[in-house]
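As the structure is a prediction and not an experimental result, all values here were calculated from the model.
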Amino acid sequence: MAWEFSPIIKYTITVVAFGLIMIPSALYFRMNPSKLTNLMGIRAPMHPVDEGQCRVQKEVGEPYAIRSRRVVTPAGLRHALIVIDNGKIGDILRADTEIQLPVQDVGNLVVMAGLIDPHVHVNEPGRTEWEGFESATAAAAAGGTTTLLDMPLNCVPPTVSLSAMEQKISAIRDAKLSCDVGLIGGAVPGFLDQITPLAKAGVFAFKSFMIDSQSVDFPHVNSAYLVQAMSLISKLEGAPYVYILHAEKNSEEDEALPEAGEHSDQDHAKHLQSRPEVWETRAIDEAIRASDQTGCHIHIAHVGSSKAAEIIHNAKIDGAYVTAEVCTHHLLFQSKKIPRGNTLFKCAPPIRSEDNRLGLWKALLKDGSLDIISSDHSPSPPELKHTKEGDFTKAWGGIAGLQYRLQGTWTASQPFELDFMRLSELLSGRVADIFGLSESKGRIVKGLDADLVIWDPEEEQVIQESQCLHRHKASAYTGQKLMGRVKKTIVHGEIVYDDDEGIVGASPGKLLLSPLGRETGFLKRQSEMRSVHEAGHTNCSENSGGSDPLFHG
């Protein structure tokens, strides 16, 4: 017998069936709007999507926005919305602004300009077993650094000539860059005539040692060369160039210094006593006098002595053209707490006393003697650190700390109530000012590169080798309990590091050129000529109008 229903029952069944089909469909397309637009063959405008602390669902290169209650801007800490478009900061808006873009709300996480590290020894080419561009830039990104400046040593050859720079560029071309890279040129005896060509090729600064550099192919300079180099660098066309100095200088008089006494080769105290503060004060005194004589902007690298910082302070009062940096490890560690035989802490200048550490913080935050904070990332294979025998007299001098500059600095700053704006200036903004990068980097400003670090300043982390992205995992920071944790790093608008996944996505890092290098186009011409040669052509003028995505201006 066939079932028959009244019209009311039929209508009710139809409505229920329609609801069972359409409600799940509506929910699905509400959660996946792109599926609906794809089905209909149209592209609907994007509406705000609050992703909490989740990943933004967007196509690579698509504009989007980040909202945070703590955005560090030049105007102060703001509850704001940062619009990112085509790799640039498109705008900074009120947090409640309605926009037709995907929005990632990171809540109370701090959003700062990506860090700029002006003192990194990448050691490529020639010593990729020490580090290398791929591992160095990955570690940089993991630590919130979006730009690094590569020192002219300990690579082989050192970056002291155009031919050496071309080898450096070739190595960069073959590497996966997770952040931007700029180059520092070397000023060493025998290569004075290469300073101008290197400036025109696009280096951002020059570097010399006033004492043995540990590298035979990067000899230190004497007093006469120092004045010659400064005279030349001060007259280079374009923006004033910075002359970076490793300012330690020994003397025959130092032979009369007290011996290390009862200290053994496994005691850091022996290393400390072998490089006294007078080496720093003597070198800085001489450098400032030469700068006054020539008008050259000198930059004192890794100031490790509070007495040396006082000399810089007084010179600045007198109008000297000098800036200076201090390293995170000099702000965080003190000599008496360095474990016996732990050569991972050996560096030059050495880590000194607790009173000295506090003096460096005073010079940084109150006196204005010290301008910025660097890592002086100087890695080497474990065998060169002589970690097994723990011999400070034999170990390579250098601390691997590129990945830990933000966390280490933030941890060390806790007693001094350093605010986020000042922190960002010390790690990014002032670095950009000193080294000619402020037109594109260093601050969260409309029109600048969308290089950002998103981090949690309240979270604590014990540093483990398994989390380290340096080529060699052992570091003085290993085992340290540090404040702060990087959640995401963004380079040219693209997420390159995610705390949950590590290095992600494409490799947006580029080679940076100084303003003079961009103006002369030297490296671009070299690139075009090389490309033509590789393609088997003889007429290089055919490609003279081409562009190279490696170079960024």
Side-chain angles (χ1 to χ4, degrees), residues 118-119 151-152 160 184-192 195-196 199 204-213 218-236 239-257 275-327 330 348-349 352 356 359-360 362-364 367-372 374 376 430 433-435:
H119 198 141
M151 284 289 155
V160 297
I184 306 294
V188 299
F191 290 86
L192 195 65
I195 288 179
T196 299
F204 282 87
F206 293 90
K207 168 76 176 287
S208 289
F209 273 68
M210 298 177 70
I211 198 170
D212 181 15
S213 71
F218 201 92
H220 67 282
V221 301
N222 60 24
S223 300
Y225 182 93
L226 194 68
V227 173
Q228 285 183 299
M230 286 191 191
S231 297
L232 185 55
I233 292 169
S234 66
K235 294 179 176 63
L236 289 171
Y241 276 79
V242 181
Y243 189 20
I244 306 168
L245 293 170
H246 180 124
E248 287 182 289
K249 188 167 186 176
N250 53 2
S251 164
E252 292 181 0
E253 300 173 2
D254 298 333
E255 298 299 325
L257 289 171
R275 301 186 84 101
E277 284 185 278
V278 68
W279 285 15
E280 288 193 70
T281 57
R282 177 188 294 139
I284 291 171
D285 264 332
E286 179 178 330
I288 290 171
R289 288 197 302 271
S291 172
D292 289 343
Q293 178 182 340
T294 60
C296 182
H297 176 184
I298 59 171
H299 179 79
I300 308 300
H302 44 54
V303 175
S305 161
S306 58
K307 291 180 181 178
E310 289 177 10
I311 293 174
I312 295 168
H313 174 64
N314 292 332
K316 285 186 173 183
I317 292 175
D318 292 338
Y321 201 1
V322 57
T323 52
E325 70 188 47
V326 63
C327 294
H330 286 126
R352 303 191 188 277
N356 182 79
L360 290 174
K362 178 177 180 289
L364 182 70
D367 295 347
S369 313
L370 306 176
D371 299 88
I372 58 175
S374 73
D376 186 15
R430 281 290 288 145
D433 292 341
I434 291 170
F435 291 96

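In this structure, the side chains of R430 and D371 come closer than 4.5 Å at one or more pairs of heavy atoms. Counting only heavy atoms from C-beta outward, the side chains of D367 and K362 approach each other to under 4.5 Å. Contact annotation: the side chain of Y241 never approaches that of H297 to less than 4.5 Å [non-hydrogen atoms, C-beta and beyond]. When side chains are defined from C-beta on, N222 does not count as touching L226, because their heavy atoms never get closer than 4.5 Å. A 4.5 Å side-chain heavy-atom check between E280 and I300 finds every atom pair outside the cut-off. Side-chain contact between P189 and V221 is present, with at least one heavy-atom pair separated by less than 4.5 Å. Residues Y225 and L192 meet the side-chain proximity criterion, which asks for heavy atoms closer than 4.5 Å. Using a 4.5 Å heavy-atom cutoff, the side chains of H299 and V322 are not in contact.
Looking only at distances, no side-chain donor or acceptor of D318 sits under 3.5 Å from a matching main-chain atom of A320. Within the 3.5 Å criterion, the main-chain N or O of F218 finds a donor-acceptor partner in the side chain of S213. Checked by atom type and distance alone, the side chain of T294 pairs as donor or acceptor with a backbone atom of A290 at under 3.5 Å.
With hydrogens and angles left out, the side-chain atoms of H119 and E325 include a donor and acceptor closer than 3.5 Å. Side-chain atoms of K249 and S223 form a donor-acceptor pair, as typed in the model, at a separation below 3.5 Å.
Counting heavy atoms of neighbouring residues, nucleotides and ligands inside a 6.0 Å radius, atom NZ of K316 exceeds 12 of them.
Considering CD1 of I288 and CG of D285, their distance stands at 6.5 Å, rounded to 0.5 Å. Rounding to the nearest 0.5 Å gives a distance of 8.5 Å between OH of Y321 and SG of C296.
Checked against a 6.0 Å centroid threshold, the rings of H246 and F209 count as neighbours.
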